Amino acid sequence: MEYIKPFKRILLVGCNECVTVCAAGGRKEVGLLASGLHMAVLKSGATIEIREHTLERQCDPEYVEELVPMIDGVEAVMSMACGCGVQEIARRFKNKPVFPALNTKFMGASERQGVWSERCQGCGDCLLGMTGGICPIARCAKQLMNGPCGGSTGGHCEIGEDTDCAWALIWERLKALGQIERYVEITPAKDWRPGGGSGPRKIIREDLAE
Amino acid sequence: MENFEPVIVAFCCHYCAYTAADMAGSQRLTYPANVKIIRVPCSGKVDALHIVKAFEKGADGVYVAGCLEGDCHFKNGNVRAARRVESVRKYLEEIGLEGERLEMVTMSAGMGYRFAQVATEMTEKIRKMGPSPIHLALAGGASEARKAANI
Amino acid sequence: MRTESKLEKVLAAGHLAVTSECGPPRGSMADKVIEKGKYLHGVVDAVNVTDNQTAMVRMSSFAASVLLKQQGHNPLLQMVTRDRNRLAMQADILGAYALGIDTMLCLSGDHTRFGDHPMAMNVHDIDSVQLIQMVKNMRDEGKFQGGAEIKNPPKMFIGAAANPFADPFELRVLRLAKKIAAGADFIQTQCIFNVDKFEQWMEGVRARGLHKQTYILAGVTPIKSVGAARYMKNKVPGMDVPQEIVDRMAAVPKEKQPEEGIAICIETIERLKKVEGVAGFHIMAIDWEEKVKEIVERAGLLPRPQV
Amino acid sequence: MQKQQQVSDKVLVIGGGMGGIRAALDLAEAEKKVILVDRDYTIGGLMTQLDRTFPTNNCDLCTLSPNLSEGSRQEYIELLTMTTVKGVKGGKGNFTVSMETAPRYINLDKCTACGECHKKFPQCVRFTPGLDHRAPTCMRYPQATPQAFSIDLAKCDDVEGLMKSCPAGAINPDDMGRKFEVTCGSIVLSPGGSLFDPSHLDYLGYGQQPDVVTSLQYERILSASGPTMGQLVRPSNGQQPKKVAWIQCIGSRGLQKGAGAYCSSACCMFALKEAIVTKERFHDDIETTIFYMDMRTMGKDYERYFLRAKNEFGVRFVRSRPHSIVREGGAENLSITYSCDDKSANITEEFDMVVLSTGFRISDEVRVLAGKLGIDLNSSSFPVTDPFNPVATSVPGIYVAGVAQAPKDIPETMVQASAAACMAAGDVAVPVKAEEDREPPPPEFATVGEEARVGVFICDCGENIGGVVDAGALAEFASQLPQVVVSELKGHGCSRQSMREIQESIRDNKLNRVVIGGCSPRTHETKFQETVRAAGLNKYLVEIANIRDQATWVHSNSPQDATAKAKDLIRMAVGSVIRSQPLVDQSLPINKDILVVGGGVAGMNAALQLADQGHKVYLAEKTDKLGGLAARIHSTIEKGDVQTYVKDLIARTEAHENIQIITRALIVDHSGMPGLFKTGMQTGKQMFYRQIEHGVTVIATGAKPNRPPQYLLGENAAVSTQLDLQALLAEKPETAKAWDNVVMIQCVGSRDDENPNCSRICCQSAIKNALRILALNPEARIFVLYRDMRTFGFHEEYYQKARELGVIFVRYSREQPPRVQAGDGGIEVSFTDPVLGRELTVAADHLCLSTGMVADEDGNSELAMLFKLPRTADGYFLEDHVKLRPIDLPVPGFFVAGTAHSPKLINESVAQALAVAARARTMLARDTINLGARSAKVDKNICAACLICVRSCPFSIPFINAEGYSEIDPAKCHGCGVCVSACPAKAIQLMQFEDDRILAKLEELFERTNA
């Protein structure tokens, strides 16, 4: 709200990829937010015009080009994509303020309808091969790499009953896989460089990059 | 906003609530004309967006009326609707609208009296609450526009 | 002898060791630390100094340890991986050792969610096993974790924690084995109320001969009241308080409950003494340091051996 | 072979009233050929003359007309009006019936019912309904079938002028009528009853005092299509009456000269309805008083209606039979003289109008017809019927339904009509299907991409809409709306005339969207869809604004509000219809198996009928044996042997090769749609789970005998229920010989706060058992303590007989119930005798309580939940329409029979079971079921394949296809729209309820508010 206060015409941009799938920034949520913002502004005694548009993918510049005909009519853009989309729009339209409408939190999977849980932190040095396909970095509250802490109770984490103990899961899985020896090996201290420890990351696929 | 007459949108499921509304008609039960019914096949069809849009257009109250719990003709559309109404209520609160302007009610097809009763109660409640701030803002804007036109 | 640690000496001599703990204050009051320490003079072989215990900010374990050292105690520096990355931790180890601290306990630490800074970042650059490994490498290889050489490497007697009661139970012995393999010289366990389950765990430990590779100090806690018993039973993750204990506490009038708690604690020690592989006791009398002496005395563990 | 060919494939239905129409439609929908004859010039019978019907107070025209103009059935129905049966030969399977059609002098094919002849020569046009023969139009009612006039040539002195008046050239003065013969395999007799004519009873003043009218005449005065255009006025002076009295039992219960000995069964409700409608119109400006002997409101929920009349509307009830109605010389008002129980003196009271509630009787004409058919009649000239099959007459192949069988009201007539159709259908051969079906509708014209051209048609629906709002102004308002090309006022949009006009308008104005401002889409959407389709428009391009049920009916207290709301609704409908799109229906093959739930008399009869027709029937019974409650009953009041009947029924059911009996069946789940149901049940002792696939479900779960813990029931061995007593009398008759005093208390556990309705069966049970006791022990003194004796129909005669034999009937009031205590010599029963005005105590050897029945709350609530069926407040299953569709449940594919519907006698249960079979067959005659077009559709270009629809669908229909987007099979989609509202990409739309249509409604609604 604070972001858009000074503006009379804004463009609310959704993204039809990940944020649609997780019901955070697709066409529907764009509609809901547009209505909500409109009402909030009306209520504060001001007026605002909110245009809605949903791109196929906000993190690809070609799709972002779709906004060109619309961009001049608005004073600011609000993006309902993940942080990537927000930044892509900012990159493309240098003189328009762009605001994030979402707080991008994590990479996750659907546990069931409407429930998403974190699965990966993009650490860049995948342990999954050692841990039965369950990531202790993303899913253990303490990122323990060598087994559960003393707070593991009945399969859940000490931080709360609705969080599974990653290590309890790993252990079950290793047992089922007959890979108990994987547990006994000590996982050495992790090299965090691929995980963002050495600043913003970049991946270049030589075969695809031009 | 003197003599405030609220406008209330009732999204009614075809099988129960809409039928109950017809039943109220055939029993000649009167209720306030403020309630306008939009028919949907199931209360589970009522989109959060449609509820929010109704408020954005100036509705003073909205309710979603479905079948009694366990009676949904599509298994559990009414339960979904109830959850959705709950979440839209929170959203409305965030925006600064009273969540009580939105309700979920259930009734069976035979409950004409209940339909009339709900319509009456809802109208009374909203009347007491006064116009929705959006309704006021829109009306204010419109009156300004009218003034401008006169000049 | 790997180190100069008093604790190592007591244990190596075959005595039942006794440790207790001292929680640093939530403020910069040196006198508080000294005051708490007084109760433990001549009563224990080493004093654990906790590191932002329960994720609440307190005077640093390092500083409090130094204060206690100055009073003639043998501080046991606790270090959690939650709050600092490997650089900070290694720096502290060097400093601590330079100031005469030769015993430490490597932990991961309670999650910040339980403390007074739930918004804080959980660092966990390395975990507790990796911390043990790091300290051991500093001592035995004379190398920093990054591989560089250390001049005058710190000779730390390395401790680790073990919780015989957390889940999955079958992993608990393996986890201990891992810590030992990583370099844990001694172990302090979670408070033991369920002696049967502890014995079961120890059976597993002995089966692998782990009790011969490390010293296991059994953790005990005197319970102040039935309320505290219930709280530990229901609210503290990884704590196993059998219903009999709660009932026993509940059966006595409120004013008699502290006494009953101490009696239970002493009985527990007596039972644990008989368990093969128990090398000593770690008495966690949280904010009740004044009673440690009574417990140690009544458990027949006084006077402490001079080594 | 030879013989089989001789079986006719036609059913003759005599009488085109509601019963005859229902029977004909059921037969036609089950693809049986029907000849429907009526002596009148238009069908519809008595009901077309009614203003409204109880208990919903709907107007009849609206409920009746959809039945009459179901045009698609016509290929199977040959309608012969002004035709009478002259003679019958042959027997079941092959009757030859000679008939005669009177001249109508109008060519039915040419007449357009334009009304020119009537305008110019009103006296020549036939019109019969009461009071004023000329008003308001000589069409009996606006939806008349056939839609044509009839000329009475005898009254015409300018035949040529009359002929010239007809623009269609339809008048044919040379019409000679015709005589002819038809063959048929079976006959349904439903000529209806006629009404008692009280003209010969001077003391009632009828025929002398214009303000004394019969109840039917009063109905005509109230009717919008009646002589006064619905204005309630006194015939004598045209003023609004202030005080109206009804006098019950005129021509019934053997009370007057020429009256039938029976009770006419319907008049009490009829009078209640008239009084309520009167009160509704004038509120406190009118007084209504009903003089009655016993209020007989024993139908389903009728007691509640009675209570409403008394408590909500303030109708006054006086239990008395007035002596006389006179008008003193010079006086304007009528004086009624009557006496009451509690006052010895006569009272004289003045009234403006007096309505005589005249009962039913069999007309001479029908008596003659019965003679020609050779059927036996009882002493009241009603046909004698099988004690366990009320529609079977003494002649095989001839069935009777409706008032001609016994006095009754509309729902029971509808049940019997369907039952008779069921029986009659079993006697005829299957007609050879015509190769070429009826003319296909014209091809749909393309509408996609065209600018919307909307036609709005506003119904005034008689008084229903026009009486509250200015319907013409609404039409005018609609014409101003964007994209509306035509906006017109229609009287009854659902009348055939209006439908034709709408179709013409579609063609003439090139309309591609239609809005009807009228009643509920629930009842009339299909009808209007067919109408626009016949004009070449896709049927999904019409929308109904429900300005009646949801505006004028509910806001009649504020015409201003009703008008504003109606305008909103119309504008919303226009906004929505503009965005509608042409759609195609989906269909699937139907499963012709049937699940009958409940193995009592009703369940078994329905199962047997359907199994006989070749359907596979699963009969699920929750106990371990068949028979239900009837297995505990020994005899009917008519002395029918119930035990033998039930045993035989069970034997036939068990032996039938098409019936599979599942005992100890507990229904646990249910899914699917009409024609394709799946029901899961746990069966047998082991509770094994099995699932049954079926197309139709019959609910025949029965009711429970009531045993309220009152009057020492269950505490004292000398206290029993009527059910216990009849068993005792049959099994240990000697017990009764020792009884000196027997007391029966009626309405125990019925008509009270907990169970406000009447249990219907108990009065006759009491009489039955009282007569039985007297037969065993003529010396016994029997007291029947009652509130109203409800011995309806022919039961009245048994009531009279019991009184003659000395049974003592003592009335008690709800406020002063009898008191009972156990004494030394038996049960001491104390009560106040209203005639003596004294408290009496009887020491009874036996106290029998008439406890009636109650719905099986536990069982029914389970089933209602599983099957999604609504129930009444007292727990019985609620039918789709309490008047016209008493057998169909509101969920298509479900039917109800027996006491699961409401308390009933055995023969009534049987009739309903047969009726269920007929109704089920109308559905099973088809090979496919139409699933409609309401299904969810995914836009693959938008779909993000997020799986939300896959996970949210209650029926697991959507899936992600090989191309990577969600796909929904329209044939499987149930059309609930849950996925639509869940889709985060807004990639799914529900056809008919597309988002833009809903948003358009919101847009239009708030257009006004914010303007």
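To find a chain, count down the sequence lines: A is the first, B the second, and so on, and within it residues start at 1. Worth saying up front: this structure is predicted, and the values here are computed from it rather than measured.
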Among the listed options [options], the residue most often paired with chain A at heavy-atom distances under 4.5 Å:
| options | result |
| --- | --- |
| Q190(C), R172(C), Q133(C) | R172(C) |
| I126(C), L131(C), D110(C), V123(C) | D110(C) |
| M239(C), R82(C), R86(C) | R86(C) |

### Query
Judged by atom type as modelled, is there a donor-acceptor pair below 3.5 Å linking the side chain of N52(C) to the main-chain atoms of R58(C)?
yes
### Message
Looking at N163(C) and G150(A), would you say the former's side chain and the latter's main chain have a donor-acceptor pair under 3.5 Å?
### Response
yes
### Query
Non-hydrogen atoms of chain A under 4.5 Å away: do they reach the side chain of A182(C), the backbone, both or neither?
both
### Query
Given a strict heavy-atom distance threshold of 4.5 Å, which part of D125(C) is in contact with chain A: side chain, backbone, both, or neither?
both
### Task
Say whether Q188(C) and N48(C), considering side chains only, have a donor N or O and an acceptor N or O under 3.5 Å apart.
yes
### Aromatic plane relationship, F186(C) with F157(C) - under 30° parallel, 30 to 60° tilted, over 60° perpendicular
parallel
### Query
Among V184(A), N146(A), I137(A), L144(A), which has the most heavy-atom pairs under 4.5 Å with chain C?
N146(A)
#### Entry: Lys NZ or Arg CZ of K197(C) over F165(C) ring: under 6.0 Å, within 45°
no
### Task
Find out whether M156(C) and T103(C) are in side-chain contact, i.e. whether some heavy atom of one side chain is under 4.5 Å from a heavy atom of the other.
no
### Query
With only heavy atoms counted, which part of E172(A) is less than 4.5 Å from chain C, the side chain, the backbone, both or neither?
side chain
